[in-house]
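In what follows, a single structure is set out as structure tokens and then discussed.
In this chain, numbering begins with 1 at the start of the sequence shown. Bear in mind that the values here come from a model prediction, so they are computed numbers and not experimental data. These numbers come from the heavy atoms of this one structure, side chains and all, not from hydrogens, waters or symmetry mates.
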Amino acid sequence: MIDENSVEFYNNRLTVDLANMKKLTPAQADKVRQYGSQAETLLKNRDLAMFVHHWKFELTDILSSIRGHTSDDNAQRIAHSNELAGMDSFINSLKKAVYLKNKLGNVNVDTQE
């Protein structure tokens, strides 16, 4: 369901070209830093980590309980594996945002010296 927050989040998403960090405008650099800081806060949140791990354990239990090799069993196996891969992709996107924030800090330090 799309609500006002979803529209706001979509309009404020990070859309800068990160191929050449030295060419970012100060406003773009601040946006990358803010995005990275928000991601870092999420990665350090123990409650979020607990729920992510519990969800992954639950999916792993579901995967291990699928014993058959019928087409339906294989489809369930693929679907649940894709859910796990999606969560890993989400966590990796948070890590990338933190990495870019840290890299941007190093780039700015290097250009000011």
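A salt bridge does not link Asp73 with Arg67: none of the charged nitrogens is closer than 4.0 Å to a carboxylate oxygen.
Distance CG/Leu24 to NZ/Lys22: 12.0 Å, rounded to 0.5 Å. His80 contributes atom NE2, which lies 6.5 Å from atom CG of Leu63 (distance to the nearest 0.5 angstrom). Atoms CD and NE2, from Glu58 and His53 in turn, are 15.0 Å apart once rounded to the nearest 0.5 Å. For the atom pair OG1 of Thr70 and CZ of Arg77, the computed distance is 8.0 Å after rounding to the nearest 0.5 Å. Between atom CD1 of residue Ile78 and atom CD of residue Glu83 there is a gap of 13.0 Å, rounded to the nearest 0.5 Å. Interatomic distance, Lys95 NZ to Leu42 CG, rounded to the nearest 0.5 Å: 13.5 Å.
In this structure, Lys101 and Tyr35 have side chains that are not in contact, with every pair of non-hydrogen atoms separated by 4.5 Å or more. Here the side chains of Glu4 and Val7 are not in contact, with every heavy-atom distance at 4.5 Å or above. Under the 4.5 Å side-chain criterion, counting only non-hydrogen atoms from C-beta, Leu43 is in contact with Ile91.
Of all heavy-atom pairs spanning Trp55 and Met87, the tightest one is CZ3-CB, 3.2 Å. The nearest pair of heavy atoms linking Asp47 to Asn45 is N-OD1, 2.8 Å. When all heavy atoms of Ser64 and Asp61 are compared, the pair lying nearest together is OG-O, 3.0 Å.
Leu104 and Tyr99 fall within a single hydrophobic cluster, where Ile, Leu, Val, Met, Phe, Trp and Tyr are joined by side-chain heavy atoms under 4.5 Å apart, directly or via other members.
No donor-acceptor contact under 3.5 angstrom links the side chains of Ser71 and Asn74, judged on distance only.
Side-chain atoms of Asn92 come within 3.5 Å of backbone atoms of Asp88 as a donor-acceptor pair (strictly under, hydrogens ignored).
Shown here are the salt bridge (charged side-chain N to carboxylate O under 4.0 Å, His left out) partners of Lys44, two or more places apart in sequence or in another chain: Glu40.
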